[in-house]
Amino acid sequence: MLCACSGEQFKFDEPPQSPESLATRDFSASGLSSRTTGDWESKLEDFQVDEAESTLKEALSLNYEEARALLGRLEYQRGNFDAALQVFQGIDIKGLAPKMINAIVERIQYRKPRSKGEIVPPSVMSMHSVSLLVEAILLKAKSLEELSQYREAAKECGIILDILESALPNGIPEGIDEDCKLEEMFHKALELLPALWTNAGLLDEAIASYRRVLIRPWNLNPQKLAGVQKELASILLYSAVEATLPPQLQLWGLASPQSNIEEAILLLLVLMSKVASGEIKWDGEIMDHLTYALSIVGQFELLAEHVEQALPGIYNRAERWYLLALCYTAAGQNEAALNLLKKVSGCSESKNKPHIPSFLLGAKLCSQDPMHAHEGISFARKVLDLADNHNQHFIGQVHKFLGVCHGNAARISLSDSERVLLHRESLNSLNNAALNRKEDPEVMYSLGLENMLQRNLGVAFENAIVCTEMMAGNSVKGWKLLALVVSAEQRFKDAQTVVEFALDEAGRIDQFELLRLKAILQIAQEQPKQAIETYRILLSLIQAQRDNQAKNPEQSHIFKSEVLAERNLELAAWQDLAHIYTKIGSWSDAKICVDKAKFMEFHSPRSWHVTGMLFEAQSLHKEALVSFSIALSVEPDYVPSIVATAEVLMKLGTQSFSIARSFLMHALRLDPTNHEAWLNLGLISKMEGSLKQAAEFFQAAHELQLSAPIQSFL
């Protein structure tokens, strides 16, 4: 009905009311009265498509294609998508495309300064006709979309891009829409095409369409352009389709991205720079996508920079500090993360609502470092004090972290009474955690480990069994705990059997750790040759893994944490080998191994301790004392070197007994369960004639040795 053509250009994102093509508006302005069009409205209700088309052609002097385009739009507006599609299919777009391209080219050329009387050649199609036909193609695609024929709709929509790209290879110049709505309809086609391919399930075509939108300047406003960039980044991240950038589409110049992830990150970084400059509004989804993308590639420091760049008001201070702490924690910078979390619990935030996730994260980080044990207790207690019905799901986790922190605090406490109290609080908290989180294997692991360290081996064994059953082969952590508990019971052969069973289920890093544990168990069974062979296998596997990583430098971000774990294991392996060779008298081999360990980490206290043990085995007491002193200068509370220093002093004569005793007492204040310290105190007492006291010390040493876990593996 022609009376419906008296409004503005049809808006596809709103319910259509009374659309009017530019061609119709132009003809009605030439003298077509609203009364006449009102008469035709009733005609169109009755006539068939051909009769209506004939009427339109005769009254408005439209050609065949333009009349069908107009009639198809009317049918689309009514919601008659099948009828609209039937009308649009009668338009020969393939035949008209060259004329449309030529018309657009001529239009752009005649936009240049020209004489007042100069006009476009009459043989060239008018821009009104081009706009009407482009609108017809777009509505045809929309009709197909409504009929769920997404693939065909995308192909039709792609025709619009083909026409405009052929006519405007360098993009749309400013001002092309002075006389028509061509640019507006083209922009709608740009937004529609990728969505159609996505709905059709052809994600590679959708990605290619997004790239077509971005490869040329199409005069999209900044917010719409940002929307396209965000959608492309999203589909690159989550589509699971690796759409390699074609050579002819060098979107990013010389720095062409090598993968979907890289391209998505570049897009998101561009968007974040636009947000920072105020070119576009803040969009939380952009930050969410960037967080995911940078997390995948391990660029947590870069993510922290963008969290810091977020404008004030987007995050409050506690949220910003919490997010930054998460970034630094993921990057392995726990100290920096803890400093930020301390701000959340500081005086400046006392008047604001407590941020429970920050306190919970603080407790977790502190539970991983004995030196922050008391701070972890403070964080955990704050969460417990703030807990209500809405936060009950935190309680089990909080009790777990509180129990671990109490246990760590006990092991660094210098007061016997405080140590006993902290040990009791540790088990109480961990048992509460087990009651609240009955299906959490991590809680059971922590409870089993604490019971083992407190020499409650029977309970620890039960905890380890339950932990292993809960993990059901998904992790070898439970098996390692079980092996340690069994070894603490001096059942080394059984512990080795557990380790060998776990090796069959282990991943690469877990396999390396288990191989080292197996070697340590072989040492405990006085099987040095077998242990050396196990270490040889371990070192060869680590070297093979390093060679593999060197061949794939582009994946270095993925291997970052694994490389650090492998390096620490390799260092420990060389130190263990130096200790073995020292015990069997192969001093040259021990020297080679300890030199390799020092080359990897010169300031490792254990490397200097092993060096001292090598000198001591050769009766070079002064050199041994120097090495032990260096170890203690690196780590003053390194108990093995404290005890070893006392042993050397004991060999220098009775005049050094008092100094040796002070070293041993200091070692026992740091680690009351060190059986070697008790044994040496017994020897001093025996040589001084205090046989009763010596017997007590020997008894304590014997009991502790019988229930001692493998300290070098903890």
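Computed over heavy atoms, backbone and side chain alike; hydrogens, waters and symmetry mates excluded. Owing to the predicted nature of the structure, the values given are computational and were not obtained by experimental measurement.
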Legend entry - Leu625 side, atom CG; His621 side, atom NE2 - distance, nearest 0.5 Å: 9.0 Å
Inset, instruction - Evaluate the side-chain proximity of Asn456 to Leu427: yes if any heavy-atom separation is below 4.5 Å, no if none is. - result: yes
Inset, instruction - Determine whether Glu450 and His423 make a side-chain contact, defined as any pair of heavy atoms from C-beta on separated by less than 4.5 Å. - result: yes
Inset, instruction - Give a yes-or-no answer on whether the side chains of Gln525 and Gln496 include a donor-acceptor pair shorter than 3.5 Å. - result: yes
Inset, instruction - Compute the centroid of each ring, for Trp587 and then for Phe615, and state whether the two points are separated by less than 6.0 Å. - result: no
Legend entry - Over all atoms of both residues, closest heavy-atom pair of Trp678 and Pro672: NE1-O, 2.9 Å
Inset, instruction - Drop me the distance from Leu652's CG to Phe657's CZ, to the nearest 0.5 angstrom. - result: 10.0 Å
Legend entry - salt_bridge(Arg381, Asp385) N-O dist < 4.0 Å: no
Legend entry - Point-to-point distance, once rounded to the nearest 0.5 Å, from CZ of Phe697 to CG of Leu683: 11.0 Å
Inset, instruction - For Trp608 and Lys598, indicate whether the former's side chain and the latter's backbone hold a donor-acceptor pair under 3.5 Å. - result: no
Inset, instruction - Output yes when a side-chain donor or acceptor of Asn408 lies under 3.5 Å from a complementary backbone atom of Ser367, and no otherwise. - result: yes
Inset, instruction - Check whether any side-chain heavy atom of Glu335 lies under 4.5 Å from a side-chain heavy atom of Asp369, and answer yes or no. - result: yes
Inset, instruction - Give me the ring orientation class for Phe379 and Phe359: parallel if the planes are under 30° apart, tilted from 30 to 60°, perpendicular past 60°. - result: tilted
Inset, instruction - Could you please spell out the steps behind the side-chain contact (heavy atoms from CB on, under 4.5 Å) verdict for Ile684 and Met650? - result: CA-CA 8 Å; Ile684 292 176; Met650 288 166 60; 3.8 Å; yes
Inset, instruction - Could you check Lys518, Gln522, Gln527 and say which one makes a side-chain hydrogen bond (donor to acceptor under 3.5 Å, both in side chains) with Thr534? - result: Gln522
Legend entry - Check against side-chain contact (heavy atoms from CB on, under 4.5 Å), Leu681 and Leu668: CA-CA 10 Å; Leu681 277 175; Leu668 288 173; 3.3 Å; yes
Inset, instruction - Nearest 0.5 Å please: distance from the CG atom of Leu481 over to the OG atom of Ser446. - result: 9.5 Å
Inset, instruction - Can you label the angle between the His609 ring and the Phe628 ring as parallel, tilted or perpendicular, going by 30° and 60°? - result: tilted
Legend entry - Under-4.0 Å salt bridge between Asp576 and Arg606: yes
Legend entry - Reference residue Thr645; test side-chain contact (heavy atoms from CB on, under 4.5 Å); the match among Ile642, Leu649, Val648, Val643: Leu649
Legend entry - Value rounded to 0.5 Å, distance of CZ in Phe599 from CG in Leu571: 12.5 Å
Inset, instruction - Locate the shortest heavy-atom distance separating Gly403 from Ser426; write the atom from each residue and the value. - result: O-OG, 2.7 Å
Legend entry - Donor-acceptor under 3.5 Å (Arg516 side chain, Phe512 main chain): no
Inset, instruction - Please tell me if the side chains of Leu503 and Gln511 come closer than 4.5 Å, counting only heavy atoms from C-beta onward. - result: yes
Legend entry - Electrostatic pair Lys477:Glu442 at N-O distance under 4.0 angstrom: yes
Legend entry - Leu430 to Leu447 - nearest heavy-atom pair and separation: CB-CD1, 3.6 Å
Inset, instruction - Identify the residue among Glu647, Arg661, His675 that makes a side-chain hydrogen bond (donor to acceptor under 3.5 Å, both in side chains) with Asn680. - result: Glu647
Legend entry - Electrostatic pair Glu533-Arg536, nearest N-O below 4.0 angstrom: yes
Legend entry - Atom CD of Gln655: over 12 foreign heavy atoms under 6.0 Å: yes
Legend entry - Residue His579 excluded, over 12 heavy atoms near NE2 under 6.0 Å: no
Inset, instruction - Taking Gln618 for its side chain and Leu614 for its backbone only, find out whether a donor-acceptor pair lies under 3.5 Å. - result: yes
Legend entry - Shortest non-hydrogen contact from Pro357 toward Tyr322: O-CE1, 3.5 Å
Legend entry - Sole residue of Arg669, Glu418, His374, Arg419 in side-chain hydrogen bond (donor to acceptor under 3.5 Å, both in side chains) with Ser413: Glu418
Inset, instruction - Check Leu361 against Ala325 and note the closest heavy-atom contact, atom names and distance. - result: CD2-CB, 4.0 Å
Inset, instruction - Only one of Val476, Asp494, Leu517 passes side-chain contact (heavy atoms from CB on, under 4.5 Å) with Val499; say which it is. - result: Leu517
Inset, instruction - Indicate whether any N or O donor in one side chain lies under 3.5 Å from an N or O acceptor in the other, for Glu696 and Ser685. - result: no
Legend entry - Closest approach of Val634 to His603 (non-hydrogen atoms, all atoms of both residues): CG1-O, 3.0 Å
Legend entry - Lys342 atom NZ, over 12 foreign heavy atoms within 6.0 Å: yes
Inset, instruction - Classify the ring geometry between Trp479 and Phe501 as parallel (under 30°), tilted (30 to 60°) or perpendicular (over 60°). - result: perpendicular
Legend entry - Validation row: Leu515, Leu541 side chains within 4.5 angstrom (heavy atoms): yes
Inset, instruction - Find the distance between CH2 (Trp574) and CG (Leu569) and round it off to the nearest 0.5 Å. - result: 13.5 Å
Inset, instruction - Answer yes or no: is there a side-chain heavy-atom contact under 4.5 Å between Ile532 and Tyr581? - result: yes
Legend entry - Atom CE of Met665 with >12 non-hydrogen neighbours under 6.0 angstrom: no
Inset, instruction - Would you indicate whether the side-chain heavy atoms of Asn428 and His399 approach each other to under 4.5 Å? - result: no
Inset, instruction - May I have the step-by-step check of side-chain contact (heavy atoms from CB on, under 4.5 Å) for Met452 and Phe461, ending in yes or no? - result: CA-CA 8 Å; Met452 181 187 70; Phe461 181 80; over 6 Å; no
Legend entry - Flag side-chain contact, heavy atom, 4.5 Å: Thr582 against Val594: no
Legend entry - Heavy atoms of other groups near Lys364 NZ, more than 12 under 6.0 Å: no
